[in-house]
Every structure is written in structure tokens, then in C-alpha cells.
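In what follows, a structure is listed as C-alpha cells, so that the remarks can point back to it.
It should be emphasised that the depicted structure is a prediction, and the values quoted were computed from it without experimental measurement. All chains are named by letter (A, B, ...) in the order of the sequence lines, taking the proteins before the strands, and each is independently numbered beginning at 1.
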Number of protein chains: 2
Amino acid sequence: MKISAQEEYGLRCLVQLANLPSGESLTLPQIAEREGISAANAGKLMWLLNKAGFVNSTRGTKGGYFLARPADDIYLNEIIKVLDEDVLSSHCDSYTGVMDKCVHTGDCGIRPVIVGLHEIVENALSRITLAQMVGNEKTVDAMFHSIQGINRTIEPQRV
Amino acid sequence: MKISAQEEYGLRCLVQLANLPSGESLTLPQIAEREGISAANAGKLMWLLNKAGFVNSTRGTKGGYFLARPADDIYLNEIIKVLDEDVLSSHCDSYTGVMDKCVHTGDCGIRPVIVGLHEIVENALSRITLAQMVGNEKTVDAMFHSIQGINRTIEPQRV
DNA sequence: TCAATTCATTACTTTTTAGTCAAGATTGAG
DNA sequence: CTCAATCTTGACTAAAAAGTAATGAATTGA
């Protein structure tokens, strides 16, 4: 399982904008420099995020990008769905309810695993906002522990 | 976030072997046919799984592949780590504790998200064995609900 | 022994993802 | 009005993942 470069860096760029004092904006070279990527690459990511309505931009001198909505109204699951197909996807499309591509019409050992993983990821990401990601690492950390810490020892497991 | 073809089909092939009556084995064409992939492709996957000690094989007539260990002693997190880099990986390598590639040395909004996701995926997969995946979809389904159902409404969320 | 069957391994091709480049369009400053 | 800064967009290139092919080695059965 992988988080794609597009997901990770798209999200990082949004966090940079969320960090900004109200009214300010960042140019592509500024965003790029802060995330260690090229301005061209940042441009492509911002283009996606702009189309999807997460950011707005102004051109010309003093131009740049800024959030189109308040950071506490932007949830991670929404962002990831714009930067990739879904919060979790695979060749097995069982999580969509369609299942076109699969040879397994009846019972399938894989399906509940993929559906279950999709569900826990969607569940976790739908509880995190951009606002929670700026500043202090502890906030997001606590959320993850709240949604699973209790169950740590319910079932047998091998790590 | 994506489950790679190698992960999905490698796992599928193992499930086919786990379905087998004790003492029997499957040839590459048989595995391939049951999963809708080519025999060459199946061969590559089985080669990986063989190297990693999950399956054994015999050559020649009547040859084929079979599980090297009991299905109830093979956990999903172990399998996935053989078929991919880790249960969840990304350019940000914070989940490894090393963090070579990253420009963010101090506080980072992304890190706790990646660490948290890695943890919940590892946690879930370390509770599922190959044996639980054969036969009835309900078993795995119940596990996923047991590790998160309780918390469904703890925090605000948007889906 | 010999031939058919089957796995083992490496090299190659195709497809997808990632990243770069360049020409065009808009804005603000002077 | 003109120029420089900046975003916009599509085409292009590079890298990684996925899939195919082919050659070699081991086993079985006649």
C-alpha cells in the first residue's frame, strides 16, 4: 500500500497555505521551495486543487495561491479524493459497490479486507481537518489514538 | 492511496492455496486461471512468495505450489510486507523513524497523519490470517467492525 | 534413458505515474 | 501603455510498476 507523490505533496502544499496569516498568499516558487519540489511540479498540484475548489489564485505581481475555504472546513478525505482516485483504491473495485473487473462473482476472501481497509481509512481521514494539521503534531496524533487505541488488545495479533 | 497489483494478486494466489485440501497443490496455469491473470504473471508472484517462505513448490509432472506453513499462522501484514515495501509507504518515511528524504526537520503537519495511518493499517492487518480469509466473508468483516465500530461517532466527521 | 511437465530466473515491453518545459494569458506597478 | 511577475495549460520526458517472453533446470513416468 502506498501514498502517491501527488497525494503527499498536494496535501503538503495545502498545509503551507493553511499556515499562512489571513489575507496572505504564496507563489509557486515559494511553495516549491518550502516543500523541496520544483515550481513546475507545484504548479501542477495547485492546478488540481484550484479546479477542485480548495484554493484560489491571483495572477500578476503580488499574485499567488490561498485557501478558498476556512482550514477547519477542509477534511483530509476530501483532499485525497481530489489528488487520487479515492482514499484507498485497488484493482478490486469492491469498495465502490460496482465490481466490473473482477472474476470472483461469489464469495471472495479479498473483498472484505479491501472494503474494511477502505472503511477505516475513510473513517480516520474524515475526522482530520487542515486546521488540525497546522502547528502542533499532538492534535492529529491524539485523534488516531482515540479511534483505535482502545482496541489495541482485543484480538490476537502478530507484529 | 492504492493497493498495488502485486499486493492484491499475490494475496489472491495465497488464498487459492489456502483453499486447497491438505496435500494438494496448484500449478501456475491453474492459479492463473482462477485469478484471471497470465501464468507468467502468477509465476513471478509465486517466486516472491516462495523466496519469502510462504509457499513451497515441486517441479515436474504433478508438481505445483502449496503453503509452506499452516494458513492460520500466516498473517496479512507479513504477506503485504513481502509483496511491497511496507503495509503503507510514502515518500515521507517518517513511519520508519529514519526520515532521510524530508526537508521538514521540525514540526510537520503531515507526519502524524502518515504515522497514524501506518499504525491503523498495520494494526488491522496483523489481526487477519489467511485461514480467516477462506470460506466465509463474515469473519474478516467482523474483525474490522470490532476494531473500529465502537468509535464511529466519537469525533466530528464529514463523509 | 528420454520426453513431457512444471518451476526458476532474467531480460524485455508496455503502461502508468511522476516530473519538466515552454508558450500563452492575466494582473499590477510605474 | 508597457513590462515584469505570476498563474494556466498542454505537450513532452523520465522513472517506476506491471506484465510478457524466453531460456534453463528439475522431476516424473513410460
Of all of residues 12-38 of chain B, which get a heavy atom below 4.0 angstrom from DNA chain C, listed by number?
-> B/Leu26, B/Thr27, B/Leu28

Side chain to side chain contact (heavy atoms under 4.5 Å, CB included) between A/Ile74 and A/Ile79, worked out | CA-CA 8 Å; A/Ile74 302 181; A/Ile79 301 172; 3.7 Å; yes

Taking the side chain of [X] as its heavy atoms from C-beta onward, which of [options] lies nearest to it?
X       : options                : answer
B/Ser4  : C/dT20, C/dG28, D/dA18 : D/dA18
A/Arg59 : C/dA29, D/dT28, D/dT8  : D/dT8
A/Gln6  : D/dG24, C/dA18, D/dA18 : C/dA18

Check the distance between D/dT9's C1' and A/Asn41's CG and give it to me in whole angstrom.
-> 15 Å

How close or far is atom P of D/dA17 from atom CD of B/Glu7, stated in whole angstroms?
-> 11 Å

Could you check whether [X] gets within reach of a base, just the sugar-phosphate, or nothing at all, counting any heavy atom under 4.0 Å?
X       : result
A/Lys51 : nothing
B/Gly64 : sugar-phosphate
B/Ala5  : sugar-phosphate

Just N and O in the side chain of [X]: are any of them under 4.0 Å from OP1 or OP2 of [N]?
X       : N      : answer
A/Lys2  : D/dA17 : yes
A/Asn50 : D/dT8  : yes
A/Thr58 : D/dT6  : no
B/Trp47 : C/dT9  : yes
B/Tyr65 : C/dA8  : yes

Would you state whether a donor and an acceptor, one from the side chain of A/Lys44 and one from the base of C/dG19, lie under 3.5 Å apart?
-> yes

Would B/Ser90 and A/Lys2 satisfy side chain to side chain contact (heavy atoms under 4.5 Å, CB included), going step by step from the backbone distance to the final call?
-> CA-CA 6 Å; B/Ser90 72; A/Lys2 281 209 167 71; over 6 Å; no

Between B/Val134 and the options B/Leu20, B/Thr129, B/Asn19, the side chain to side chain contact (heavy atoms under 4.5 Å, CB included) test singles out B/Asn19

Would you find more than 12 non-hydrogen atoms of other residues, nucleotides or ligands less than 6.0 Å from B/Glu33 atom CD?
-> no

Taking C-beta and beyond as the side chain, do B/Ile37 and B/Leu45 meet within less than 4.5 Å on heavy atoms?
-> yes

Backbone N/O of B/Met1 and side chain of A/Asp84: donor-acceptor pair under 3.5 Å = yes

Main-chain N/O of A/Lys81 paired to A/Asp86 side chain as donor or acceptor, under 3.5 Å = no

Would you kindly compare A/Thr61 and A/Ala39 by the position of their nearest DNA chain C nucleotide and give the one closer to the 5′ end?
-> A/Ala39

